[in-house]
Every structure is written in structure tokens, then in C-alpha cells.
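Just below is one structure, and these are the notes that go with it.
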Amino acid sequence: MSYIDSHVHIWTDDYQTYPFAEGIDPADADLPTFHVEDILGHARPTGVDRVVLVQMSYYGTDNRYMLQAMADAPDIFGGIGIVDWDDPAVEEEMTRLAAQRVYGFRVYPRNVPPASWCDGPGFDRMFVAAARRRLAICPLIGPDGLPALARRCEQFAGAPVIIDHLGLVGARGPIREEDVEALCAMARFESVMVKVSAFYALGEKKPPYHDLAGLIQRVVDAYGPQRLMWASDAPYQVLGEHTYAASVALMEEGLDFLSAADRAEIMTGTAERFFFR
């Protein structure tokens, strides 16, 4: 086994060196810390030996803590950063971070309606940079944000997109057929990929997460395993009754429609090709 976890957050309580962004109180953090040693302690016993770090929102656009972890262990960590998409120089910042192996950029609705969440010149610049430099736009959106994303995918056909956490289908209630169809319909854009992740937050939200099998099968059928990548979303996958091992176990044992080759693609191949070039 040599799996890749394509979505993990880390942060530290060294606030002097790595202060949280303005307006974020450390007392409100979900955990006091979640360090590199913490994720590797969960991951390695399950066969996961590489990890894509996703910039923690506590730091805003200050990606330094993630970048330091990547620099300290380049064979283990890849990265997805956060940039200010309202900055006219956002393409230059994406290029600067890409030189440090940050190949994806997290985006999300920010005080705008889902129907127009990625409109505007800032996102124009981000999608242009993504298409030019093979950098992924990584949206954290629910099904109501997919139509706006589809318009951008039509406009910027070559821009890689990686939709987080199965498009949050089943995050706010039951898994609805119309939401599954909307997520699967995005597969018509060849540059769109999906993270099969955050099982703790979807559907019944209880291990062993077998209720998600139907949703995952539909997504596999739509996209093919070569456009899917598994992720834990640790540390949230290791809180309460949820465990890292349970997320891996669903992929290894709970989805009998996957072949060994399918599992290899979803657990390793897709993320390896994109984030460990």
C-alpha cells in the first residue's frame, strides 16, 4: 500500500511566528493544534504515506505554515493554497506559489449568493492562470454552487477544477437525487475532478459510512476513477466517533464495485499525477 490523502489541514499554536488571520480567535479553533506529526500518526498505519496539505482557513492567505511543512518534507507533502482572488496580481501570486509546488487553490462563496459565487474579474484571472499553468481551482461548494461553476468551466475549458468533498452532497440533509445528478453532470467537463472525501460530514455521518456507497458509485461511473481522488479531510475525520482508519476502510473494503485498479487510481494515481509531478 502507498496511498495519498489529498486533503488535510494543519495548524500550530505558535502564534508569534504564524499568527491567525485578523478576526480569528485561537480560542475558537476546532483543536488547539494539528501538526504534521499528528496527521502522519493517523495516516501511516493505514498505508497512507503522502499527503496534500490544504491551507487552513485560520491563516487566511498567509500560506507560510503549509509551505514550511512542504519544504521540510517535499517527498511527503503537496499543497493547495489560498489566495486573494480580488487582488489584481492574483495570477502572479499563484505562479509564485506554484514554484513551491502549490498546484491547487481553494475557493468558496464569500458573502455572495451561490448563483454568482465565482463571477467577477478576480475569478477570471484565477481561471486564466489555472488554464495556462495547469493549476487547479478547488471549490468548496454545495450543489447550489455547481451551476455557477459550470459556466466558468464552459468559459475556461482547459482550467483544471477539483471539487471538494463530493460536492457536499448530503451534507445538509439526505442525499438527494437531484444533487447527485448535478454533481455527476459536471463530468461533461473533461478537466473537472472530484475528491471522494469527508465521509464524516455526508449522508448519515456515521461510520462505517456504507450509506455513501451509492453516491460514490454514481460518481465513479460518471467521472471514471482517473478523475477522482480520495481524501480524509483530517483532522475533522478523526474527531468524536470518526477515525482515519474508517475512511480508508470504506475505500478498501466497503465499495465492492471498485476493482483493484480503480482503487489504485482513486487512492493514489489521480492525486499523484496532479500534486506530485
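- With rounding to the nearest 0.5 Å, the separation of OG in Ser247 from NE2 in His42 is 12.5 Å.
- For the residue pair Asp49 and Tyr3, no side-chain donor N or O sits within less than 3.5 Å of a side-chain acceptor on the partner.
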Trace of the side chain to side chain contact (heavy atoms under 4.5 Å, CB included) decision for Val8 with Val52:
CA-CA 6 Å; Val8 167; Val52 180; over 6 Å; no

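- Using a distance-only test at 3.5 Å, with no hydrogens or angles considered, no donor-acceptor pair links the side chain of Arg64 to the main chain of Tyr59.
- Side chain of Lys206 to backbone of Glu204: no donor-acceptor contact under 3.5 angstrom is found.
- Under the 3.5 Å distance criterion, with hydrogens and angles disregarded, no donor-acceptor pair is assigned to the side chains of Arg227 and Thr270.
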Going through the checks in order, is the side chain to side chain contact (heavy atoms under 4.5 Å, CB included) test met by Asp38 and Leu31?
CA-CA 12 Å; Asp38 296 315; Leu31 292 170; over 6 Å; no

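- Across every non-hydrogen atom of Val161 and Cys153, the tightest pair is CG2-SG, 4.1 Å.
- Minimum heavy-atom separation, Val169 to Leu202: O-CD2, 3.5 Å.
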Does the pair Glu154 and Arg151 meet the rule for a salt bridge (Lys or Arg N to Asp or Glu O under 4.0 Å), with working shown?
CA-CA 5 Å; Glu154 290 170 353; Arg151 292 197 303 273; over 6 Å; no

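- Counting heavy atoms from C-beta on, the side chains of Ile80 and Ile162 never come closer than 4.5 Å.
- Residues Ile10 and His35 form no side-chain contact, since every pair of their non-hydrogen atoms from C-beta on lies 4.5 Å or further apart.
- Counting non-hydrogen atoms of other residues, nucleotides and ligands closer than 6.0 Å to CD of Gln155 gives a total above 12.
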Evaluate Thr268 against Arg50 for side chain to side chain contact (heavy atoms under 4.5 Å, CB included), listing each step before the verdict.
CA-CA 9 Å; Thr268 304; Arg50 285 177 288 175; 4.0 Å; yes

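- Counting heavy-atom neighbours within 6.0 Å of Glu181 CD, excluding the residue itself, gives a total above 12.
- Nearest heavy-atom pair across Ala271 and Ser6 is CB-CB, 4.2 Å.
- With hydrogens and angles ignored, the 3.5 Å screen pairs a side-chain donor or acceptor of Thr46 with a backbone N or O of Ala43.
- Using modelled atom types and a 3.5 Å distance limit, the side chains of Asp72 and Gln68 yield a donor-acceptor pair.
- The minimum heavy-atom distance between Pro114 and Asp144, with the atom names listed, is CG-OD2, 3.4 Å.
- Residues Leu255 and Gln217 fail the side-chain proximity criterion, which asks for heavy atoms closer than 4.5 Å.
- Taking the side chain as every heavy atom from C-beta outward, Val102 and Met70 approach each other to under 4.5 Å.
- Using a 3.5 Å distance cut-off with no hydrogens or angles, the side chains of Tyr108 and Asp164 do not pair a donor with an acceptor.
- Remark: aromatic rings of Phe20 and Tyr58 are close, center separation under 6.0 Å.
- Between Glu253 and Arg263, none of the side-chain N atoms (NZ, or NE/NH1/NH2) sits under 4.0 Å from a carboxylate O, so this pair counts as no salt bridge.
- Atom CG of Leu183 is separated from atom CD of Glu178 by 13.0 Å, given to the nearest 0.5 angstrom.
- Sparse packing is recorded around CZ of Arg172, with 12 or fewer heavy atoms of other residues, nucleotides or ligands lying under 6.0 Å away.
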Checking Asp5 against Ser232 for the side-chain hydrogen bond (donor to acceptor under 3.5 Å, both in side chains) test, could you report, in this order, the C-alpha distance in whole Å, the side-chain angles of both residues, the deciding distance, and whether it holds?
CA-CA 6 Å; Asp5 186 339; Ser232 68; 2.5 Å; yes

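- Taking SG of Cys138 as the reference point, atom NE2 of His7 lies at 9.0 Å (rounded to 0.5 Å).
- For the residue pair Lys195 / His165, no side-chain donor-acceptor distance below 3.5 Å is found, with atom types taken as modelled.
- Listed here is the closest heavy atom pair of Val54 and Met66: C-SD, 4.2 Å.
- Taken to the nearest 0.5 Å, the CG atom of Asp28 stands 4.5 Å off from the CG atom of Asp25.
- The ring-ring contact (aromatic ring centres under 6.0 Å, His included) test with Phe127 is passed by exactly one of Trp85, Phe105, Phe156: Phe156.
- Between Phe199 and Asp211, every side-chain heavy-atom pair lies at or beyond the 4.5 Å cut-off.
- Side-chain contact between Gln55 and Thr61: absent, with no pair of heavy atoms (C-beta onward) separated by less than 4.5 Å.
- In this structure, the side chain of Ser116 does not engage the main chain of Ala148 through any donor-acceptor pair within 3.5 Å.
- Side-chain atoms of Tyr209 and His242 form a donor-acceptor pair, as typed in the model, at a separation below 3.5 Å.
- Contact check for Met251 versus Val196: side-chain heavy atoms found under the 4.5 Å cut-off.
- The closest side-chain heavy-atom distance from Val83 to Leu97 is below 4.5 Å.
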Using ring pair (Phe, Tyr, Trp, His ring centres under 6.0 Å), reason through Tyr18 and Tyr65 one step at a time and then give a plain yes or no.
CA-CA 7 Å; Tyr18 302 105; Tyr65 187 61; 5.0 Å; yes

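- No side-chain donor from either of Asp13 and Thr33 sits under 3.5 Å from a side-chain acceptor of the other.
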Show the numbers, then the answer: is there a side chain to side chain contact (heavy atoms under 4.5 Å, CB included) between Phe274 and Met193?
CA-CA 11 Å; Phe274 199 89; Met193 296 167 273; 4.0 Å; yes

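- Taking CG from Leu53 and CG from Asn63, the interatomic distance works out to 11.0 Å, rounded to the nearest 0.5 Å.
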After noting the C-alpha distance and the side-chain angles of Asp124 and Arg152, does the key distance pass the salt bridge (Lys or Arg N to Asp or Glu O under 4.0 Å) rule?
CA-CA 9 Å; Asp124 287 347; Arg152 289 308 208 172; 2.5 Å; yes

Evaluate the criterion salt bridge (Lys or Arg N to Asp or Glu O under 4.0 Å) for residue pair Glu93 and Arg125; output intermediate values, then yes/no.
CA-CA 11 Å; Glu93 179 65 0; Arg125 290 187 285 266; over 6 Å; no

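- The two residues His210 and Gly254 have their closest heavy-atom pair at NE2-CA, 4.1 Å.
- Side chain of Arg44 to backbone of Gly41: no donor-acceptor contact under 3.5 angstrom is found.
- Here Asp262 contributes atom CG and Met267 contributes atom CE; the two are 13.0 Å apart, rounded to the nearest 0.5 Å.
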Tell me, with the steps shown, if Trp117 and Phe123 meet ring pair (Phe, Tyr, Trp, His ring centres under 6.0 Å).
CA-CA 9 Å; Trp117 75 268; Phe123 280 105; 5.6 Å; yes

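- Checking side-chain atoms of Glu265 against main-chain N and O of Leu228 turns up no donor-acceptor pair under 3.5 Å.
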Evaluation steps, salt bridge (Lys or Arg N to Asp or Glu O under 4.0 Å), between Glu272 and Arg277
CA-CA 7 Å; Glu272 183 174 56; Arg277 311 173 192 175; over 6 Å; no

